[in-house]
Amino acid sequence: MSDNVFDILNERGFVAQVTDEEALRKKFATEQVTFYIGFDGTADSLHAGSLVTIMAMMHLQKAGHRPLGLIGGGTTMIGDPSGKTELRQMLTQEAIEANGRSLHAQLNHYLNFDGGDAIPENNATWLLELNYVTFLRDIGRHFSVNRMLSAEAYKQRLERGLNFIEFNYQILQAYDYLELYRRYGCTLQMGGDDQWGNILAGVDLIRRVEGVTVQALTYPLLTTASGAKMGKTATGAVWLDKEKLNSYDYYQYWVNCDDRDVEKLLKTFTFLPLDEIQRLVALQGAEIREAKRVLAYEATVITHGEAEAHKAAETAQAAFSSGTSSNDLSGMPSTNIVSSRLEAGVGVLEIFTETGLTKSNGEARRLLKQGGVYVNDTRITDVHAALSLADLSGTEILLRAGKKKYHRLIVE
RNA sequence: GGAGGGUUGCCCGAGUGGCUAAAGGGGGCUGACUGUAAAUCAGCUGGCUAUGCCUUCGGCGGUUCGAAUCCGUCACCCUCCA
């Protein structure tokens with residue numbers, strides 16, 4: 001370990017706040033640190049927002065430390081008030097458990113629970129069977145309500161109303177840290193900067209109960225240059241699950257990023273060396289697209305693997321670079337259609353909606369009127385236009401909505 | 001438990017009997033310009049078997065020729081009092 005992992009994290013922009021930088025550096029340099037990050041169990045797939053966390057874990061793991069992926073199966077039943085203005089929607093226990101399993105399977109892809117020494121955990125294991133009175137005696141007495149109330153996270157909620165159940169969230173998260181310290185010797189918790197208060201509560205609790213000083217590190221909450229949260233688009237979250245978002249669209253998400261975000265994204269979501277990133281970011285004007293392609297490729301490799309990333313890149317190249325002869329569109333989303341339907345003629349509006357390019361016939365009609373409907377790269381202007389066998393090029397028809405959304409219609 | 005205020009389209013928010021598929025903003029989409037970027041400009045932004053029809057203003061029921069708008073009731077949220 002010539003370079004301290006702390007520096008790697010720091011250089012790449014993963015560090016917002018640390019409890020004790022010197023102590024943490026020393027730990028990283030001298031021992032294997034078991035660290036944990038909690039994942040909320042409200043969905044059955046992680047999205048690009050969680051990637052920051054995952055990348056941080058991977059960096060530490062590469063440096064020889066031991067990641068502990070904690071699914072908040074128990075805490076999800078409560079809801080974290082931090083950064084939210086409303087009570088989180090309650091999920092059934094069954095749904096939360098199912099989500100937990102999916103999330104662990106996903107994390108396994110990045111952290112390798114099976115082969116390596118990474119540890120999957122779920123706080124439902126200890127939280128669900130807590131005895132209320134015992135918990136109050138042993139843990140509750142260490143928490144000062146005064147201090148909790150003065151925390152920024154609660155202040156805002158106090159204006160609007162804070163449910164008792166949510167008020168307990170921090171205590172439970174603190175307790176998680178204690179449990180993980182006891183069970184696995186976990187001495188570092190990381191998380192988004194909005195978790196700082198909750199994480200510190202755990203650090204305090206461990207000091208009071210065990211007399212041991214453990215560490216906390218948060219990374220900045222990433223937003224795009226236009227102010228949106230990472231991993232969310234208007235059409236939905238950027239899921240990491242291939243079933244929910246195919247590799248091509250995933251690749252496209254990264255390629256379409258804002259120029260101003262490229263450097264940050266490369267540092268955070270790829271493992272490329274910093275000097276390479278500097279070289280890419282130095283590109284000017286349209287050349288910056290090269291940096292975006294690298295970003296998209298690298299990011300897709302990490303999540304979907306090299307083969308998928310390669311296919312996505314080829315497909316994007318074929319679709320967007322008119323000069324090239326590459327015709328590999330295999331990565332593009334597609335829909336099958338029986339040839340008899342084409343023989344009879346299928347309305348363009350109908351087919352756009354059927355493939356999901358538009359959500360309704362009305363939307364398709366609107367799109368067409370505005371000049372955003374293309375078939376085989378030719379703009380369609382007639383609302384009543386229909387596709388027939390004559391539109392086939394090979395065994396497929398290329399549909400496009402607007403400038404960027406492609407879809408292949410494959411005849412079987 | 002008592003008194004009052006609120007619940008409108010993806011989000012915020014105006015509307016307090018017909019001119020309301022519902023102002024305005026945000027977001028999104030399309031087009032132009034470009035570099036699959038940003039900024040800017042213009043248009044669009046409930047559904048359909050579409051010069052018309054249907055559904056939408058928390059749920060249900062009522063008054064009315066006509067209701068997001070009035071009445072009743074239920075649900076949820078907020079504020080003040082306990």
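These numbers come from a predicted model, not from an experiment. Per chain, numbering begins at 1; letters A, B, ... match sequence-line order. What you see below is based on every heavy atom in this structure, not just the backbone, and it leaves out hydrogens, waters and symmetry mates.
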Contact between A:Leu409 and A:Glu354 at the side-chain level, heavy atoms closer than 4.5 Å - yes or no?
no
Taking the six-membered ring for Trp, is the centroid-to-centroid distance between A:Tyr250 and A:His304 below 6.0 Å?
yes
Would you say a side-chain N or O of A:Lys404 is under 4.0 Å from OP1 or OP2 of B:rA37?
yes
If you assign A:Glu363 and A:Ala401 each to the RNA chain B nucleotide with the nearest heavy atom, which residue ends up on the more 5' nucleotide?
A:Ala401
Rounded interatomic separation in angstrom, taking CZ from A:Arg260 and P from B:rA37:
13 Å
If only side-chain N and O atoms of A:Arg400 are considered, is one of them under 4.0 Å from the OP1 or OP2 phosphate oxygen of B:rU30?
no
Ranking B:rU36, B:rU30, B:rU45 by distance to the side chain of A:Arg366, first place goes to B:rU45
Pair A:Glu290 + A:Arg293, salt bridge at N-O below 4.0 Å:
yes
Look at A:Asp259 together with A:Lys292 and state whether they make a salt bridge at an N to O cut-off of under 4.0 Å.
yes
Compare the minimum distances between each of B:rU34, B:rG43, B:rU36 and the side chain of A:Gln370, then state the nucleotide with the smallest one.
B:rG43
Between B:rA68 and B:rG13, how far apart are the C1' atoms? Round to whole Å, please.
14 Å
Given the structure, check if the side chain of A:Asp259 and the base of B:rG35 hold any donor-acceptor pair shorter than 3.5 Å.
yes
Closest of B:rC48, B:rG35, B:rA38 to the A:Ala286 side chain is B:rG35
Both A:Tyr374 and A:Asn361 contact RNA chain B. Which one's nearest nucleotide lies toward the 5' end?
A:Tyr374
